[in-house]
Q: 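The structure is given below, and queries will be raised subsequently.
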Amino acid sequence: MQSSPSEPPIGQRLQQSFYDRPTATVARELIGMLLLHRLHAVTNAAVTNAAAIDPDNSPWLGGRIVETEAYLAERDLASHSSRGLTPSNRSMFQAAGTFYVYPIHAKHCLNAVTEANGVGAAVLIRAIEPLWGLSWMQTRRGQQDPLKLTRGPAMLAQALAITRDDDGRCLVTDPDLGIFSNQQTKPPTVKRTVRIGVSKSKSRLLRFVDQHSKYLSRPFSKRR
DNA sequence: GCTTTGATGCGCT
DNA sequence: GCGCATCAAAGCT
């Protein structure tokens with residue numbers, strides 16, 4: 001039943017050429033796309049109750065991206081790449097379409113690497129509208145309210161069962177992880193604001209939101 | 001080795 | 001709206 005996601009209609013998987021463009025452009029265009037992760041009963045250690053999963057019925061978890069932030073390669077002190085390549089941020093310097101997962105405040109954040117190999121830029125996915133695997137995500141989050149399931153980067157990582165072990169996977173080729181175009185919904189109204197929780201380069205308008213989504217980590221406001 | 005910081009979220013007021 | 005638990009990384013010493 002759930003071995004392949006069915007709603008809303010999934011379009012094409014985003015290819016490397018989508019990610020290999022200016023980071024703010026990628027961040028803006030990711031709004032409305034579909035992020036999906038398939039749990040594996042045997043291989044995914046993040047599943048707390050692996051025995052309960054039918055291997056022939058691996059659930060897809062995910063939904064529609066409603067909030068992103070761009071972290072640039074140059075003149076962006078909030079970006080992890082601003083201090084150069086280190087062992088912990090190496091994924092951010094890999095090819096466009098690489099999945100960069102890093103720990104912060106004892107939690108995790110999910111990014112899609114952008115631009116050319118070695119540059120060091122990425123888009124943080126901050127929130128989605130949960131659509132697939134709702135009951136799995138509710139269990140993982142210990143939270144029934146769909147509005148509080150994936151509303152923020154750390155909540156999203158917990159709901160989708162993504163950990164640092166998933167750092168470095170490829171969003172373009174991994175059969176169980178990717179971002180897909182959304183063929184059905186009308187294009188969202190995208191607004192830009194300042195990024196959340198950053199203390200450096202804080203005035204730059206590099207956060208992108210679907211203005212009318214109920215699933216944002218913070219509502220859009222006209223104040224910058 | 002030690003200290004500070006941080007792309008957070010929750011609970012309480 | 002504010003305080004704070006929590007911990008990995010980085011930068012000192």
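In what follows, chains carry the letters A, B, and so on, assigned in the order in which the sequence lines appear, proteins first and then strands, with residues in each chain numbered from 1. Everything numeric here is computed off the predicted structure, so don't read it as measured data.
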Q: Taking all non-hydrogen atoms of both residues into account, name the closest pair between S91(A) and T98(A) and its distance.
A: O-CG2, 3.9 Å
Q: Just jot down the ring-ring contact (aromatic ring centres under 6.0 Å, His included) partners of F18(A), sequence neighbours excluded, or say none.
A: none
Q: The test is side chain to side chain contact (heavy atoms under 4.5 Å, CB included); show your working for E115(A) and T23(A) and say whether it passes.
A: CA-CA 7 Å; E115(A) 305 192 32; T23(A) 302; 2.5 Å; yes
Q: One character per nucleotide, please: for nucleotides 7-13 of chain C, 5' to 3', B when the base has a protein heavy atom closer than 4.0 Å, S when only the sugar-phosphate does, - otherwise.
A: SSSSS--
Q: Look for any protein N or O under 3.5 Å of an N or O in nucleotides 9-13 of chain B and output each such pair with its distance, or none.
A:
from, atom 1, to, atom 2, distance (Å)
dG9(B), OP1, P153(A), N, 3.2
dG9(B), OP1, A154(A), N, 2.8
dG9(B), OP1, M155(A), N, 3.1
dC10(B), OP1, R141(A), NH1, 3.4
dC10(B), OP1, R141(A), NH2, 3.2

Q: Does the Lys NZ or Arg CZ of R195(A) fall within the cation-pi geometry relative to Y71(A) - under 6.0 Å from the ring centre and within 45° of the axis?
A: yes
Q: Among E69(A), K191(A), R192(A), which residue satisfies the side chain to side chain contact (heavy atoms under 4.5 Å, CB included) criterion with R207(A)?
A: E69(A)
Q: How would DNA chain C look in dot-bracket form, 5' to 3', counting Watson-Crick and G-U wobble pairs with both distances under 3.5 Å and writing | for bases paired to another strand?
A: |||||.||||||.
Q: Output the rounded distance in Å from OH (Y71(A)) to C1' (dG6(B)).
A: 11 Å
Q: How many whole angstroms separate atom CG of L77(A) from atom P of dG6(B)?
A: 11 Å
Q: Looking at side-chain heavy atoms only, is the closest gap between K202(A) and V194(A) below 4.5 Å?
A: no
Q: Once side chain to side chain donor-acceptor pair (under 3.5 Å) is applied, do any residues pair with N89(A), and if so which ones, sequence neighbours excluded?
A: T86(A)
Q: According to side chain to side chain donor-acceptor pair (under 3.5 Å), who are the partners of D174(A), at least two apart in sequence or on a separate chain?
A: R169(A)
Q: Do R140(A) and Q158(A) have side-chain N/O donor and acceptor atoms under 3.5 Å apart?
A: no
Q: Under a 4.5 Å cut-off applied to non-hydrogen side-chain atoms, are R64(A) and I128(A) in contact?
A: no
Q: Can you tell me the distance, in whole Å, between the CG atom of L216(A) and the P atom of dT8(B)?
A: 15 Å
